[in-house]
Amino acid sequence: MATIVQKYGGTSVADAEKIKNVAGRIASACHGGDRVVAVVSAMGDTTDRLIELAGEVSSTPESRELDALLSTGEQMSCTLVAMALKSLGLDAVSLSGAQAGIRTDSRYGKARIAAVEAGRIQGELEGGRVVVVAGFQGITEDMDVTTLGRGASDLSAVAIAAAIGADRCEVYTDVEGIYTADPRHVPNARKLKEVGYEEMLEMASLGAKMQPRSIELAMQYHVPIMVASSFVDAPGTLIHKGADMEPRVGEIRNRARAVATDRNVAKITVTGMVDRPGISASLLEPLTDADISVDIVVQNASVRDTTDLAFTVSGDDADRAFEVVRTVAYLIGANDVIRTDNLAKVSVVGAAMQNTPGYASRMFRALADEGINIEMITTSEIRITCVVDADRVSQAARALHMTFGLEKPD
Ligand code: ASP
Ligand code: MG
């Protein structure tokens, strides 16, 4: 008898019919002999609607009250799922995050899980009940309700799976799994059978969107996650450690797994800075203070004691970043600050590509053959990223998908 945690996203519980469908799926897992803890998100866009509602009564809703309000979305769906299960003849119980023992710090809106006191969940399972837990929420030492950040029902599910030593965590959503590329850009993108945790962290845009903290937690506690659709019966994608294992001697394995894209990138270039210690720090520290995260940073080799520094930020932060950097650039006597919008990142992702020669040069050649200019390049152990014109990123993704043979089965 396996113990499994099943997580159902907002689209899977969007209305009464869909809730009954979810109950049916849980029931068939139970009839197959599994013990099930189901973790659910709020119905459809309930969380967005609650945020809007709060905004209508107050321009600055207090974070403690807002979290208590938002937690009701998941309480609605978990109670309804429990009722639907009972009407199918199963013994079920719903638990709020607090009742399920999800203890958090008190950073409202982005609380971190300090511990899962799983006694209640374990007791209910031993009593033969299906446990339906409200995702996305927990409780502080002072018994105040917190939420864990947008999309964090995934995190609740993984944390519970780790705490009760579940055999696996299944995440049900409205897509069938994780793909070799975004199917909207690359028509022959293929669903992956399996993917490594680190790879998954780089592939946030490819099909199912898992909350990144949930993947980090799963990696830390070795929780395998199966991502699949709650609407069709099709094998999903298994996110686990095994996908990163070494190939056998003599086996040539394609280390490229996927092409990831991010269209919302802006570049800021500061030219003619005097090249002395501390110059990059004085430029980037004010961005940290403004809570703007800088992604790719490139500093040129200096010519006649001056240098240029270019970095990318999310397009959403571009206005603020430009203002901050203009002020600092003036103070440190830089020549000019240039802003380039409408950029995108395209990455080839695959564990251990760095230890296998040739991937980077093949990537650059493929882009060159398409006449696509590369603005910036960065690499990590598991990805090679190029910044390109946003209008060419689909074309780039298609070319790379073909170059690395990703349409072929694993
Ligand atoms: N309902 C929450 C949100 O919309 C949490 C989740 O869906 O995972 O962000
Ligand atoms: Mg989600």
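For the single chain, residues carry numbers from 1 onward in sequence order.
Between I239 and I215, the shortest heavy-atom contact is CD1-CD1, 4.1 Å. Between V346 and T261 the shortest heavy-atom distance is CG2-CG2, 4.0 Å. Contact between A234 and A228 at its shortest, heavy atoms only, is O-CB, 4.3 Å. L367 and A396 get closest at one heavy-atom pair: CD2-CB, 3.6 Å. Counting all heavy atoms, side chain and backbone alike, V22 lies closest to S12 at CG2-O, 3.2 Å. In terms of heavy-atom proximity, E141 sits nearest to R103 at CA-NH2, 3.9 Å.
In this structure the side chain of P187 reaches within 4.5 angstrom of the side chain of R398, judged on heavy atoms. The shortest distance between side-chain heavy atoms of T72 and T46 does not fall below 4.5 Å. The closest side-chain heavy-atom distance from F364 to I374 is below 4.5 Å. Contact annotation: the side chain of S41 approaches that of E74 to within less than 4.5 Å [non-hydrogen atoms, C-beta and beyond]. For the pair I51/R150, a side-chain contact is recorded, criterion being any heavy-atom separation below 4.5 Å from C-beta on. Residues R392 and N373 fail the side-chain proximity criterion, which asks for heavy atoms closer than 4.5 Å. Annotation: side chain of V81 is in contact with side chain of I26 (closest heavy-atom distance under 4.5 Å). Between V259 and H185, the closest side-chain pair of non-hydrogen atoms is not below 4.5 Å.
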Verdict with supporting geometry, Q75 and Q137, side-chain contact (heavy atoms from CB on, under 4.5 Å): CA-CA 10 Å; Q75 290 180 32; Q137 57 187 271; 3.3 Å; yes
Pair R25-D233, salt bridge (charged side-chain N to carboxylate O under 4.0 Å, His left out): steps then yes or no: CA-CA 10 Å; R25 290 184 156 261; D233 275 312; 3.4 Å; yes
Worked check of side-chain contact (heavy atoms from CB on, under 4.5 Å) between E285 and V328: CA-CA 10 Å; E285 274 159 3; V328 191; over 6 Å; no
side-chain contact (heavy atoms from CB on, under 4.5 Å) evaluation trace for L192 with M200: CA-CA 11 Å; L192 287 160; M200 183 61 212; over 6 Å; no
I164 and V5: CA distance, side-chain angles, deciding distance, side-chain contact (heavy atoms from CB on, under 4.5 Å) verdict: CA-CA 9 Å; I164 64 173; V5 174; 4.1 Å; yes
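The only member of V265, T312, N264 that meets side-chain contact (heavy atoms from CB on, under 4.5 Å) when paired with K345 is V265. Of the options V348, T385, I382, a side-chain contact (heavy atoms from CB on, under 4.5 Å) to E202 is made by I382 and by none of the others.
With rounding to the nearest 0.5 angstrom, the CG atom of D48 is 12.5 Å from the CG atom of L53. Distance check, rounded to the nearest 0.5 Å: CD of E216 to CD of E198 gives 10.5 Å. Atom CZ of residue F322 and atom OG1 of residue T327 lie 10.0 Å apart, to the nearest 0.5 angstrom. Rounding to the nearest 0.5 Å places NZ of K7 at 10.5 Å from CG of L155. If you take OG1 on T180 and CZ on R257, they are separated by 9.5 Å, rounding to the nearest 0.5 Å. Distance CD/Q99 to CZ/R120: 5.5 Å, rounded to 0.5 Å.
For the pair S156 (side chain) and F136 (backbone), a donor-acceptor distance under 3.5 Å is present. Between the side chain of R213 and the backbone N or O of L148 there is at least one donor-acceptor pair closer than 3.5 Å. Listed for the K18 side chain is no donor-acceptor partner under 3.5 Å among the backbone atoms of M43. Under the 3.5 Å distance criterion, the side-chain polar atoms of D341 are left unmatched by any main-chain donor or acceptor of A266. Of the possible polar contacts, none joining the N188 side chain to the H401 backbone as a donor-acceptor pair under 3.5 Å is found. Panel note: side chain T379, backbone I384; no donor-acceptor pair is recorded below 3.5 Å. Side-chain atoms of D308 come within 3.5 Å of backbone N or O of G272 as a donor-acceptor pair. Remark: the backbone N or O of V349 is not paired with any side-chain donor or acceptor of S347 at under 3.5 angstrom. Remark: side-chain polar atoms of E170 are not paired, donor with acceptor, to backbone N or O of M226 under 3.5 angstrom. Using modelled atom types, no side-chain atom of S58 and backbone atom of G55 make a donor-acceptor pair closer than 3.5 Å.
Judged purely by distance below 3.5 Å, without hydrogens or angles, the side chains of S106 and T140 never pair a donor atom with an acceptor atom. Using modelled atom types, one finds no donor on one side chain facing an acceptor on the other under 3.5 Å when comparing S214 with D154. R263 and S394 are linked by a side-chain donor-acceptor pair at a separation below 3.5 angstrom, with hydrogens and angles left out of the test.
Within 6.0 Å of atom CD in E65, more than 12 heavy atoms from other residues, nucleotides or ligands are found, so the atom counts as buried in its surroundings. By the neighbour-count criterion of 12 heavy atoms within 6.0 Å, atom CZ of R112 is sparsely surrounded, having that number or fewer from other residues, nucleotides or ligands. Enclosure of atom OH in Y221 is not indicated, since only 12 or fewer non-hydrogen atoms of other residues, nucleotides or ligands lie within 6.0 angstrom. Residue-environment remark: CZ (R320) exceeds the threshold of 12 foreign heavy atoms within 6.0 Å. Within 6.0 Å of the CG atom in D369, the count of heavy atoms belonging to other residues, nucleotides or ligands exceeds 12. Within 6.0 Å of CG in D289 there are more than 12 heavy atoms belonging to other residues, nucleotides or ligands.
Salt bridge present: E323 and R326 bring a charged side-chain N and a carboxylate O closer than 4.0 Å. Between K20 and E17 there is a salt bridge, since at least one side-chain N of the basic residue sits less than 4.0 Å from a carboxylate O of the acidic one. Taking the charged nitrogens against the carboxylate oxygens, D174 and K209 have no contact shorter than 4.0 Å, which rules out a salt bridge. A salt bridge between D67 and R107 is absent, with no side-chain N of the basic residue lying under 4.0 Å from a carboxylate O of the acidic one.
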